[in-house]
Engineer: 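Below you'll find the structure I mean.
Note that this is a predicted model, so its numbers are computed, not measured.
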Amino acid sequence: MIRNLGFALGMSVLTASCGLDMMSDHLGQYDQRMVSVRAEIASHASAAAGAEVAAVEEGHLTRTLGHMGDMRGDVRQMMDCGSMDGSAMMGAMDDVERECRTHRSSMAAITDSAALRAEEGRHQQAMDGMMGRMQMHSQSMMSASGGMRCGH
């Protein structure tokens, strides 16, 4: 009996230490990806001013959508923890993706350099606002997660 109890306790400790992630791990990864998106936006603004606009915009869109796809995976992982309704975060990412596609289309249609700079400034400001709201939401979730463990 004691031997079985020791075995059971040992297995539960092993299971707890190996198989569980912390929700804060997923939130941390999500926040790191937001840093990457912000860096992409900042570097894109300077690149767009001096290069072939269509190529720059397509590369920017591809990189940003890649980051957003990774962030969607992070949100799905957090949703699997059972702690949140990810619809608000997914909706915010939909807004970012829509803004990026609109920006690419706008930039492709503009031929005047002053209008290009204006659109780039508008896009950067819009993205900054969206990313700020997403970051506030994730910080709120981090506070509320309270050390929650995930079983995946």
Engineer: From M136 CE over to M131 CE, what is the distance, rounded to the nearest 0.5 angstrom?
Structural biologist: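 The distance works out to 12.5 Å.
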
Engineer: Specify the closest pair of heavy atoms between V56 and R63, including all atoms of both residues, with the distance to one decimal.
Structural biologist: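 Minimum heavy-atom separation between V56 and R63: O-NH2, 4.5 Å.
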
Engineer: List the residues meeting side chain to side chain donor-acceptor pair (under 3.5 Å) with Q135, not counting sequence neighbours, and say none if there are none.
Structural biologist: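 So Q135 forms no side chain to side chain donor-acceptor pair (under 3.5 Å) with any residue.
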
Engineer: Do any N or O atoms from the side chain of R104 and from the backbone of C100 form a donor-acceptor pair under 3.5 angstrom?
Structural biologist: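 No: the side chain of R104 does not pair with the backbone of C100.
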
Engineer: Could you give me the CA-CA distance, side-chain angles and deciding distance for M93 and V75, then say whether side chain to side chain contact (heavy atoms under 4.5 Å, CB included) is met?
Structural biologist: CA-CA 10 Å; M93 288 182 281; V75 171; 3.6 Å; yes

Engineer: How long is the span from the CE atom in M134 to the OH atom in Y30, to the nearest 0.5 Å?
Structural biologist: 3.0 Å

Engineer: A side-chain contact here means heavy atoms from C-beta on lying under 4.5 Å apart; do H103 and M127 qualify?
Structural biologist: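 Answer no - side chains too far apart.
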
Engineer: With A115, which residues qualify under side-chain contact (heavy atoms from CB on, under 4.5 Å), at least two apart?
Structural biologist: I110, D112

Engineer: Any salt bridge (charged side-chain N to carboxylate O under 4.0 Å, His left out) pairs touching residues 89-99, not counting sequence neighbours?
Structural biologist: R72-D94, R72-E97, D95-R98, E99-R122

Engineer: If you link I, L, V, M, F, W and Y whenever their side-chain heavy atoms are under 4.5 Å apart, who else ends up in the same group as L65?
Structural biologist: L61

Engineer: Measuring from atom OG of S105 to atom CE of M107, what distance do you get when rounded to the nearest 0.5 angstrom?
Structural biologist: 11.5 Å

Engineer: To the nearest 0.5 Å, tell me how far S113 OG sits from E120 CD.
Structural biologist: 13.0 Å

Engineer: Side chains of Q124 and E119, heavy atoms from C-beta outward: is any pair under 4.5 Å?
Structural biologist: no

